[in-house]
Amino acid sequence: MKKITRLDILSLAVGSIIGWGAFILPGDLFLSKIGIHNSIIGLFIGVIIIIIIEKNYSYLINKKPISGGEYIYTKLYFGKQHSFVCGWFLSLAYVCIVPLNATAIPLIFNILTKNKYLYGHLYSIDNSAVYISDIIISTFFIILLGYLNIKGIKLASSFQKIMVLLLVGIILIFFSFIIKEEGIITFNIISHYNGISISFKNILKIIAISPWAYVGFDCVTQVLEELNFSYKTASKLSILSLIMGFLLYMIIMILTAYGISYEELKIGNISWATGQTVEKYFGIVGIYFLGLALVSAVICGVNGFYLNSAKLLTLMSEEGQLPKILSKDDKNKTPTYSIIFVMILSSFAPWLGREVLVWIVDMSSLGIAIAYLYISLVTIYVYYQENNKIKYSGVLGSVFSLMFILLLVLPILDSSLKKESIYLLIIWILLGLFYKLKNIKNGELKNVSF
C-alpha cells in the first residue's frame with residue numbers, strides 16, 4: 001500500500017542532510033579553518049556534483065522502480081559479490097551517522113544548561129571525556145527514535161515533518177531578523193572574507209566531505225514501493241532537498257559570521273559559535289529556540305538514517321547477504337529486527353566518546369562515495385546495453401565518485417582521512433572480507449541465522 005507523500009519524502013531527505021554538522025561546523029571548521037568563501041564555493045561545487053550523481057539514481061529508478069537503491073541495482077547488474085561490497089560500505093556510512101547525531105543531544109543540553117547537569121565522569125578517550133549523564137541522554141534518544149521507527153514509517157515520517165518545519169522555520173526567522181537589523185555587509189562579515197584567502201586546497205577539503213554533507217537525498221530509493229506519487233516527482237524532490245540542504249548550510253554559516261569576527265574565532269575561546277551569534281542578537285530566549293532547531297536537526301538525522309540503514313540491512317538479509325534475523329518482520333511489515341540491531345549498535349557508541357565517533361564517521365564519506373561510484377557505473381552499463389551510447393551523467397558521476405575516493409584515501413592530500421579513521425576502515429574491510437569468505441565456504445548466506 002502506497003502511503004508516503006511528497007512532504008514525507010522531502011522532510012526525510014532534508015532532515016537526513018541537515019544534522020548536527022550544519023550547526024557545529026560553521027564555528028569548528030567552515031569559518032575558523034576553511035574560510036567563508038572557500039566553504040561556500042566547496043559546498044556549492046559539492047551540491048552540483050551530487051545533483052549530477054542524482055540523475056543516475058533517477059534514470060535507474062525509472063528503468064526499474066525497485067526499493068533498495070545502490071545495493072539492489074548493483075546486485076541486478078553486477079552480481080552479488082559487487083552488491084555485498086556496495087552494501088557493506090553503505091551500511092557503515094548509514095549506521096554510524098545515527099549515534100553521531102544522537103550524541104550531539106547531550107552536547108546541546110550541556111551548552112544550554114551551562115553544564116549544570118553534567119555529572120559522572122568515567123574516563124577520557126583522545127581528550128574526549130565520557131560522562132554518565134551524556135550516555136543516559138544519548139541512549140534515551142536512540143531508543144526513543146528506534147521505537148518510533150518500529151511503530152511504522154508513517155508515525156516516524158509524521159514526527160520528521162514537524163521537526164523539519166521547526167528547523168527550517170527557526171533558522172529562516174533568525175536569518176531574516178539579523179539581515180534586517182544589520183544589512184548585508186558588516187565588519188564581522190568583512191573580517192571573515194579577509195581572514196582566510198581563497199584557497200583551492202581548502203575548497204577541496206569541503207568538496208571531499210560533500211558525500212557526507214549531502215547524504216540522505218537518496219532515501220527515496222529505499223521506499224520506492226511505498227510512494228503515492230510518480231518517480232519523476234521523486235527525482236525532483238531529491239534535487240530540491242539537495243538545494244535546500246546547500247542553502248541551509250550556507251545560511252547557518254553566514255548567520256554565524258554576523259555575530260563573530262574571524263579574529264574572535266581564531267583565538268579559540270568560543271564553545272559554540274552559532275549559539276554565541278544568536279545570543280548576541282536574541283538573548284537567552286534565542287538560544288533556547290536555536291537549541292530547539294538543533295535538536296530538531298539531530299532528531300531528523302537520527303530518524304532519517306534509522307530508516308535508511310534498517311531498510312538496507314533488511315534487504316541485504318532478504319537477499320542472503322546478511323543473517324536471516326535482520327529480515328523484515330512479518331507482523332507489521334516494518335524492518336523491526338534491523339531497527340533493533342541499529343539501536344543496540346548505536347547504544348554502545350556513547351561510551352566511546354565523540355572523538356572516536358568522529359573517526360568512524362569520517363569513513364562514511366568514503367562509504368558513500370563507493371556507493372555513488374557503483375550507481376554511476378551501473379547507469380553507464382544499462383544505458384550502453386540499451387542504446388549503444390554513453391550516458392554522460394554516468395561518466396561524470398563515476399569520475400566525481402573516484403575523485404571523492406582519491407581525496408579521502410591519498411595520504412599526500414590535506415583532505416585525506418586521519419590515520420585513526422584509516423585503521424578503523426581497514427578493520428571494517430577485513431571484517432567484511434572474513435564474513436563473506438566464511439559464508440561462501442559454508443554455503444549461501446541465506447541458510448545462516450543467529
Side-chain angles (χ1 to χ4, degrees), residues 16-17 19-22 24-25 28-30 32-34 39 42-43 46 49-50 70 85-104 107 123-130 138 201-216 301-302 305 308-309 312 342 345-374 400-435:
S16 297
I17 291 170
W20 68 275
I24 304 300
L25 291 182
D28 289 0
L29 179 66
F30 296 151
S32 58
K33 298 175 182 177
I34 302 298
S39 297
L43 287 168
I49 291 173
I50 303 301
E70 304 91 330
V85 174
C86 179
W88 189 253
F89 278 102
L90 193 59
S91 62
L92 169 68
Y94 282 174
V95 172
C96 69
I97 293 176
V98 172
L100 183 78
N101 275 287
T103 53
L107 179 67
Y123 43 80
S124 295
I125 301 178
D126 197 42
N127 297 320
S128 178
V130 178
S138 297
K201 180 175 68 174
N202 282 338
I203 292 171
L204 279 180
K205 288 180 182 178
I206 299 301
I207 294 174
I209 65 170
S210 293
W212 169 82
Y214 294 113
V215 66
V302 175
F305 284 101
N308 289 336
S309 57
L312 176 60
V342 175
L345 202 61
S346 299
S347 295
F348 285 106
W351 295 84
L352 301 176
R354 283 189 61 80
E355 189 58 37
V356 175
L357 286 176
V358 170
W359 297 344
I360 297 172
V361 173
D362 280 346
M363 298 185 295
S364 67
S365 279
L366 182 61
I368 298 160
I370 289 171
Y372 289 167
L373 177 60
Y374 269 113
F400 288 137
S401 299
L402 284 171
M403 178 192 71
F404 287 138
I405 292 169
L406 292 176
L407 285 172
L408 291 165
V409 301
L410 288 180
I412 60 173
L413 299 176
D414 292 333
S415 57
S416 63
L417 296 171
K418 296 178 181 177
K419 64 179 183 219
E420 294 88 355
S421 297
I422 293 173
Y423 297 151
L424 291 170
L425 180 64
I426 291 172
I427 292 172
W428 184 254
I429 291 172
L430 291 175
L431 282 173
L433 186 61
F434 172 78
Y435 188 64

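Quantities reported herein were computed from a predicted structural model and do not represent experimental measurements.
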Peer 1: Who passes ring pair (Phe, Tyr, Trp, His ring centres under 6.0 Å) against Trp88, sequence neighbours left out?
Peer 2: Phe84, Trp428

Peer 1: If you take all heavy atoms of Ser210 and Gly46, which pair is closest and at what distance?
Peer 2: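 Looking at all heavy atoms of both residues, the shortest contact is OG-CA, 3.2 Å.
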
Peer 1: Looking at Ser16 and Gly216, what are the two nearest heavy atoms and their distance?
Peer 2: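 Looking at all heavy atoms of both residues, the closest pair is CB-CA, 3.6 Å.
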
Peer 1: List the steps, then state whether side-chain contact (heavy atoms from CB on, under 4.5 Å) holds for Phe89 with Leu425.
Peer 2: CA-CA 10 Å; Phe89 278 102; Leu425 180 64; 3.9 Å; yes

Peer 1: Please step through side-chain contact (heavy atoms from CB on, under 4.5 Å) for the pair Ile50 and Phe400, ending with a clear verdict.
Peer 2: CA-CA 9 Å; Ile50 303 301; Phe400 288 137; over 6 Å; no

Peer 1: At what distance, to the nearest 0.5 angstrom, does CD1 of Ile209 lie from OH of Tyr214?
Peer 2: 9.0 Å

Peer 1: Would you name the heavy atoms of Lys33 and Asn202 that are closest together and state the gap between them?
Peer 2: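 Result for this residue pair: O-ND2, 4.0 Å.
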
Peer 1: Please find the pair of heavy atoms, one from Ser309 and one from Val342, that lie closest to each other, and give the distance.
Peer 2: OG-CG2, 3.7 Å

Peer 1: What I'd like to find out is whether the side chain of Leu413 reaches to under 4.5 Å of the side chain of Leu204, using heavy atoms alone.
Peer 2: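 A side-chain contact is absent here, since even the closest heavy-atom pair is not under 4.5 Å.
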
Peer 1: Enter the distance from Ser421:OG to Leu408:CG here, rounded to the nearest 0.5 Å.
Peer 2: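 Those atoms lie 9.5 Å apart.
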
Peer 1: Can you name the nearest heavy-atom pair linking Tyr372 to Val215, along with the distance?
Peer 2: OH-CA, 4.3 Å

Peer 1: May I have the step-by-step check of side-chain contact (heavy atoms from CB on, under 4.5 Å) for Ile368 and Phe404, ending in yes or no?
Peer 2: CA-CA 9 Å; Ile368 298 160; Phe404 287 138; over 6 Å; no

Peer 1: Working to the nearest 0.5 angstrom, can you tell me the gap between Leu417 CG and Leu407 CG?
Peer 2: 10.5 Å

Peer 1: Rounded to the nearest 0.5 Å, what separates atom OG in Ser365 from atom CD1 in Ile207?
Peer 2: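 It is 12.5 Å, given to the nearest 0.5 Å.
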
Peer 1: Taking all heavy atoms of Ser346 and all of Pro99, pick out the closest pair and write down the distance.
Peer 2: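 Closest approach of Ser346 to Pro99: OG-CD, 3.6 Å.
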
Peer 1: Assess the residue pair Ile405 and Leu366 against the criterion (side-chain contact (heavy atoms from CB on, under 4.5 Å)); give the C-alpha distance rounded to whole Å, side-chain angles, the decisive distance to 0.1 Å, and a yes or no.
Peer 2: CA-CA 6 Å; Ile405 292 169; Leu366 182 61; 3.9 Å; yes

Peer 1: Between atom CG of Leu43 and atom CZ of Phe30, what is the distance when rounded to the nearest 0.5 Å?
Peer 2: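 Rounded to the nearest 0.5 Å, the CG-CZ separation comes out at 5.0 Å.
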
Peer 1: Quick one: pull up CD in Glu70 and CG in Leu312 and give me the separation to the nearest 0.5 Å.
Peer 2: 8.0 Å

Peer 1: By the salt bridge (charged side-chain N to carboxylate O under 4.0 Å, His left out) test, which pairs, at least two apart or in different chains, include something from residues 201-212?
Peer 2: Lys201-Asp414

Peer 1: So does Tyr123 have more than 12 non-hydrogen atoms from other groups sitting under 6.0 Å from OH?
Peer 2: yes

